[in-house]
Amino acid sequence: MNNENQLINARKQKLKLLYDLGVNPYPKSVKRTHHISDILQNPDKFIENEEELYVVGRIRALRKMGKASFFHIEDKSGRIQIYIRRDEVGRENYKVFKKSDIGDFLQIKGKVFYTNTGELSVRAKKVKFLVKSIRPIPVVKEKRQDGKKVLYDQFADKEMRYRKRYLDLLLNPDVKDTFLKRSKIIKFMRNFLDEKDFIEVETPILQPMYGGAAAQPFITKHNKLDMELYLRIADELYLKRLIIGGFEKVYEVCKDFRNEGMDRTHNPEFTQIELYQAYADYNDVMDLVEEMLTNMSKEIFGKLQFEYGEYNIDLKTPWQRKPLLDLIEEYADINIKNMSPEEIIDFCEEKELELDVKTYGKAIDEIFKNLVEPNLIEPTFVIDYPKEISPLAKSKSDESRLVERFEVFIAGMEIGNAFTELNDPFDQRERLEEQVKNRELGDLEANEVDEDFLEAMEYGMPPTGGLGLGVDRIVMLLTDSHSIKDVILFPQMRKKD
RNA sequence: GGGCCAGUAACUCAGCCGGUAGAGUAUCGCCCUUUUAAGGCGAGAGUCGAAGGUUCGAGUCCUUCCUGGCUCACCA
């Protein structure tokens with residue numbers, strides 16, 4: 001018998017004793033007249049009226065004594081102390097109560113009062129089991145010291161926190177708070193876009209051909225069709241088909257999947273909001289991003305200033321908009337605009353920046369990532385990217401190597417990517433064919449030619465601005481989370497055992 | 001994939017130069033009618049991440065592997 005069984009067996013014993021006492025530890029009916037927060041917010045009302053009420057919740061702390069006990073129960077709204085006396089609930093009921101453990105769910109009938117030490121509590125008239133918990137929840141104790149909470153035996157093992165998120169949520173209140181904020185952030189973005197007459201749509205996750213981003217896909221198979229399918233790496237090409245189909249503003253809250261390495265800012269499945277707006281360009285999209293994120297910040301957090309680790313971030317608009325090449329000149333201290341592609345590639349080798357494909361675009365990208373990105377702390381729109389690494393963006397009319405594309409950075413983290421979408425079907429075909437060449441040269445993330453998409457574009461796509469926003473990363477920023485695992489409820493983990 | 005660190009009771013951790021496992025909390029029993037890290041007395045609880053190796057003897061040393069963290073690389 002191992003120790004877990006010892007603890008579990010103790011609880012199973014109590015379960016049996018409850019049955020012996022004629023108590024159903026998993027009853028169907030529940031009576032609740034108030035949430036715990038109702039009491040916390042207006043205790044005097046309940047005390048003056050001597051109102052009898054029913055509260056329910058999970059036992060989170062328990063101090064049993066011989067003929068009286070204190071415990072705390074918690075529902076979604078808060079936590080309150082319960083005082084129970086044998087002479088007030090009766091011998092039978094107290095005996096039932098004595099079988100309770102931390103983690104059990106109880107229903108309490110009682111009246112609100114203050115204890116001698118001044119803690120708002122409910123004086124039980126009757127307790128009823130709602131659920132007997134069989135497995136012990138780790139006990140985290142806390143003490144107030146100089147107004148600060150000191151935690152004892154905090155549930156801290158990261159692996160267990162991610163694998164058993166339900167325990168993490170129960171035992172680490174900040175975690176719950178982060179995910180409540182995540183929910184509000186996504187809800188805000190939806191509302192914001194809905195109010196601007198965007199249509200929310202759903203496009204295929206299982207795709208016969210993947211595209212819209214540079215990434216390696218997950219591959220799966222449809223048995224009946226005997227067909228290979230890919231989990232989408234982006235929604236882009238389908239959302240553009242909808243613009244072609246006559247929707248002028250569409251968005252999708254999308255899980256995308258990329259079969260790549262995982263680290264602090266990458267999880268194999270992650271959430272984006274992609275949106276496309278006809279008759280707009282990337283300047284309009286920059287305005288939209290600014291407006292959406294600052295309004296969101298004000299509404300949800302009541303402020304525009306954030307601490308993110310060592311950084312102080314201010315979302316106050318306007319955010320700076322700087323051409324990528326200017327930023328390279330600023331941070332890499334080279335005159336990149338006057339350098340030939342060969343010189344730029346040489347510069348990369350000098351700096352030991354590895355290039356899988358030796359092209360102008362890849363070289364610029366590499367310099368930017370290594371020498372510029374980490375410096376982009378304040379919100380910054382980096383504009384005008386090399387064409388070779390942006391096969392879906394429209395060329396800048398005055399500069400043939402560049403396209404109308406921006407990425408938005410905050411705290412050195414890329415949180416969004418947008419283009420004035422390429423809508424010239426001839427140019428688009430050329431660009432995709434160029435991608436295939438890169439693929440053959442070893443660029444595993446290069447796109448393939450999606451003939452169906454090209455055909456759609458040949459029918460005519462209006463001028464369009466498009467955007468992908470990294471929802472997980474935005475949540476990270478606004479909740480001061482430094483790993484994407486801390487903003488995804490069930491992050492990807494290796495199989496254990 | 002590389003480097004560093006970690007994995008010992010349900011939780012949080014200690015365990016020195018190698019001598020066969022320890023604390024607090026939790027659990028169980030007794031006492032306890034205003035406690036709050038409740039308290040007092042007593043008890044039980046471990047495949048020391050896994051597998052090999054060295055040794056008379058391994059939690060401890062060596063090798064490989066597993067899992068996680070940090071970091072570098074990779075990564076729209």
Side-chain angles (χ1 to χ4, degrees), chain A residues 1-11 13-14 60-72 81-89 94 101-103 113-119 121 123 135-145 149-163 167 171 212-216 233-234 236 256 258-268 270 272 352-354 356 361-362 365-366 368-370 373 382 385 389-393 405 407 414-419 444-447 468 470 482-483 485 491 493-497:
Chain A
M1 177 166 80
N2 68 29
N3 190 36
E4 183 169 75
N5 280 338
Q6 187 192 34
L7 295 174
I8 290 171
N9 280 337
R11 288 169 175 240
Q13 274 303 314
K14 291 180 186 174
R60 297 306 308 275
L62 182 54
R63 294 176 292 282
K64 286 184 192 170
M65 289 173 286
K67 301 185 187 65
S69 300
F70 290 90
F71 57 100
H72 281 82
Q81 179 171 262
I82 312 290
Y83 178 45
I84 178 169
R85 297 167 57 112
R86 195 175 75 176
D87 60 1
E88 291 184 11
V89 299
Y94 197 72
D101 288 292
I102 287 174
F113 80 116
Y114 282 101
T115 63
N116 288 349
T117 54
E119 179 164 349
S121 307
R123 195 176 189 111
R135 201 173 275 272
I137 296 171
V139 175
V140 179
K141 300 202 171 191
E142 61 178 62
K143 187 167 84 172
R144 293 233 162 243
Q145 206 162 47
K149 265 190 200 170
V150 185
L151 292 175
Y152 297 84
D153 300 343
Q154 186 168 19
F155 184 68
D157 185 292
K158 282 202 178 180
E159 182 172 358
M160 219 166 0
R161 289 180 49 204
Y162 296 142
R163 287 187 195 275
L167 291 181
L171 297 168
Q216 296 183 62
I233 58 171
E236 172 141 359
D256 290 333
R258 296 187 185 174
N259 206 340
E260 293 168 345
M262 300 159 57
D263 63 21
R264 211 174 55 249
T265 56
H266 297 264
N267 193 65
F270 64 104
Q272 292 200 85
E352 294 183 353
L353 304 176
E354 280 177 34
D356 46 0
K362 283 278 177 185
D365 194 34
E366 205 58 30
F368 174 73
K369 278 195 180 128
N370 286 283
E373 259 190 40
V382 178
Y385 278 67
I389 56 166
S390 316
L392 300 165
R405 169 181 178 184
E407 291 186 325
E414 183 207 330
I415 59 162
N417 181 26
F419 328 127
L444 292 173
E445 284 148 5
N447 282 258
H482 294 261
S483 167
K485 285 190 164 80
M493 301 290 276
R494 268 181 223 275
K495 200 158 70 171
K496 195 156 192 187
D497 296 333

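A, B, ... follow the sequence lines: proteins, then strands. Residue 1 opens every chain. Every heavy atom of this structure was used, including side-chain atoms; hydrogens, water molecules and symmetry mates were not. This one's a predicted model, so the numbers in the text were calculated from it and none came from an experiment.
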Margin query: What contact category does A/Lys64 fall into here, base, sugar-phosphate, or nothing, at under 4.0 angstrom with non-hydrogen atoms?
Written below: base
Note to self: Students often get this wrong, so: under 4.0 angstrom with heavy atoms, is A/Asp87 touching a base, only sugar-phosphate, or nothing?
What the structure shows: base
Notebook entry, point to check: Roughly how far apart, to the nearest Å, are B/rG59 and B/rG46 at atom P?
Noted result: 16 Å
Notebook entry, point to check: Of all the choices, B/rU35, B/rA76, B/rA26, which nucleotide is nearest to the side chain of A/Leu7 once you look at every atom?
Noted result: B/rA26
Notebook entry, point to check: Looking for any heavy atom pair under 4.0 Å, which part of the strands does A/Tyr162 touch: base, sugar-phosphate only, or nothing?
Noted result: sugar-phosphate
Notebook entry, point to check: Going by heavy atoms in the side chains, are A/Arg11 and A/Arg135 under 4.5 Å from each other?
Noted result: no
Next item on the list: Give a yes or no on whether the backbone of A/Arg85 and the side-chain of A/Tyr94 come within a donor-acceptor separation of less than 3.5 Å.
Entry: no
Next item on the list: Identify whether the glycosidic angle of B/rC70 places it syn (within 90° of 0) or anti.
Entry: anti
Next item on the list: Would you mind pulling out the nucleotide paired to B/rC65, Watson-Crick or G-U wobble, both distances under 3.5 Å?
Entry: B/rG49
Item checked: Side-chain N or O of A/Lys143 closer than 4.0 Å to phosphate OP1/OP2 of B/rA38 -> no
Margin query: Under 4.0 Å, counting only non-hydrogen atoms across every strand here, what does A/Arg123 touch: a base, just sugar-phosphate, or nothing?
Written below: base
Next item on the list: Under a 3.5 Å limit for both distances, which nucleotide forms a Watson-Crick or G-U wobble pair with B/rA21, could you say?
Entry: none
Margin query: Taking the side chain as everything from C-beta on, heavy atoms only, tell me whether A/Lys64 gets closer than 4.5 Å to A/Phe71.
Written below: no
Next item on the list: Check every strand shown and say whether A/Arg85 touches a base, only sugar-phosphate, or nothing at a heavy-atom separation below 4.0 Å.
Entry: base
Check: How long is the line joining CE of A/Met262 and P of B/rG69, in whole Å?
Finding: 8 Å
Check: Taking OP1 and OP2 of B/rC75, is either one under 4.0 Å from a side-chain nitrogen or oxygen of A/Lys369?
Finding: no
Checklist line | Phosphate-side-chain proximity, A/Arg63 and B/rU35, N/O vs OP1/OP2 below 4.0 Å | finding: no
Next item on the list: Check A/Ala393 against A/Arg405 and note the closest heavy-atom contact, atom names and distance.
Entry: CB-CB, 4.4 Å
Margin query: Just to be sure I understand the rule, does A/Glu366 reach a base, reach only the sugar-phosphate, or reach nothing, if contact means heavy atoms closer than 4.0 Å?
Written below: sugar-phosphate
Check: So what does A/Lys362 touch, heavy atoms closer than 4.0 Å: a base, only the sugar-phosphate, or nothing?
Finding: nothing
Notebook entry, point to check: Do A/Tyr83 and A/Glu88 meet the criterion of a side-chain donor-acceptor pair at a distance under 3.5 Å?
Noted result: no
Margin query: Rounded to whole Å, please give me the gap between CZ in A/Arg264 and P in B/rC72.
Written below: 7 Å
Notebook entry, point to check: Considering only the P atoms, how many Å lie between B/rA10 and B/rC48, rounded to the nearest integer?
Noted result: 12 Å
Next item on the list: State, yes or no, whether a side-chain contact exists between A/Arg161 and A/Leu167 at a heavy-atom distance under 4.5 Å.
Entry: no
Check: Quick one: does A/Asp263 reach the base of B/rC74 with a side-chain donor-acceptor pair under 3.5 Å?
Finding: yes
Checklist line | Rounded distance in Å - CG (A/Asp153) to C1' (B/rA26) | finding: 9 Å
Note to self: Any base atoms under 4.0 Å from A/Lys485, or only sugar-phosphate, or nothing? Heavy atoms, all strands.
What the structure shows: sugar-phosphate
Next item on the list: Just call it for A/Ile389: base, sugar-phosphate, or nothing, with non-hydrogen atoms closer than 4.0 Å on any strand.
Entry: base
Next item on the list: Side chain of A/Ala214 only, please: which of B/rG68, B/rC11, B/rA76 is the nearest?
Entry: B/rA76
Checklist line | d(CE, A/Met65; C1', B/rG40) in whole Å | finding: 14 Å
Note to self: When the C1' atoms of B/rA58 and B/rG15 are compared, how many Å lie between them, rounded to an integer?
What the structure shows: 14 Å
Next item on the list: Go through B/rC11, B/rC70, B/rU27 for me and flag the one nearest to the A/Ser483 side chain.
Entry: B/rC70
Check: With sugar-phosphate meaning primed atoms plus P, OP1 and OP2, does A/Pro491 contact a base, only sugar-phosphate, or nothing at under 4.0 Å between heavy atoms?
Finding: nothing
Notebook entry, point to check: Taking atom C1' of B/rU67 as reference, at what distance in whole Å does atom CZ of A/Arg494 sit?
Noted result: 8 Å
Note to self: Are the side chains of A/Pro268 and A/Asn259 in contact, using a 4.5 Å heavy-atom criterion?
What the structure shows: no
Note to self: Side chain of A/Gln6 only, heavy atoms from C-beta on: which candidate in B/rC75, B/rA45, B/rU25 is closest?
What the structure shows: B/rA45
Check: Counting any heavy atom closer than 4.0 Å, what does A/Ala156 reach on the DNA or RNA strands: base, sugar-phosphate only, or nothing?
Finding: sugar-phosphate
Notebook entry, point to check: Taking atom P of B/rU67 as reference, at what distance in whole Å does atom CG of A/Asp157 sit?
Noted result: 15 Å
Item checked: Atom-pair distance (CD1 on A/Ile102; P on B/rU25), nearest Å -> 13 Å
Next item on the list: Answer with base, sugar-phosphate or nothing: what part of the nucleic acid does A/Arg258 contact at a heavy-atom distance below 4.0 Å?
Entry: sugar-phosphate
Note to self: I want to check one thing: is the phosphate of B/rA26, taken as OP1 and OP2, less than 4.0 Å away from some side-chain N or O of A/Lys141?
What the structure shows: yes
Next item on the list: Report yes or no: is there a donor-acceptor pair, N or O only, under 3.5 Å between the side chain of A/Glu88 and the base of B/rU33?
Entry: no
Item checked: Within-4.5 Å side-chain heavy-atom neighbours: A/Leu171 and A/Arg60 -> yes
Check: Between B/rU34, B/rG68, B/rC75, which one does the side chain of A/Glu159 approach most closely?
Finding: B/rG68
Note to self: Once you apply a heavy-atom cut-off of 4.0 Å, does A/Gln13 come out as touching a base, just sugar-phosphate, or nothing?
What the structure shows: nothing
Next item on the list: Report yes if a side-chain nitrogen or oxygen of A/Lys67 is closer than 4.0 Å to either non-bridging phosphate oxygen (OP1 or OP2) of B/rU33; otherwise report no.
Entry: yes
Note to self: From CE of A/Met160 over to C1' of B/rG69, roughly how many Å is that when rounded to an integer?
What the structure shows: 14 Å
Checklist line | Base-pairing mate for B/rA37 - Watson-Crick or G-U, with both contacts under 3.5 Å | finding: none
Notebook entry, point to check: Out of B/rU35, B/rC28, B/rC11, which nucleotide sits closest to the side chain of A/Gln81?
Noted result: B/rU35
Check: Hey, does A/Arg60 reach any base, or is it just sugar-phosphate, or nothing, if we go heavy atoms under 4.0 Å?
Finding: nothing
Next item on the list: Would you indicate whether the side-chain heavy atoms of A/Lys149 and A/Arg144 approach each other to under 4.5 Å?
Entry: yes
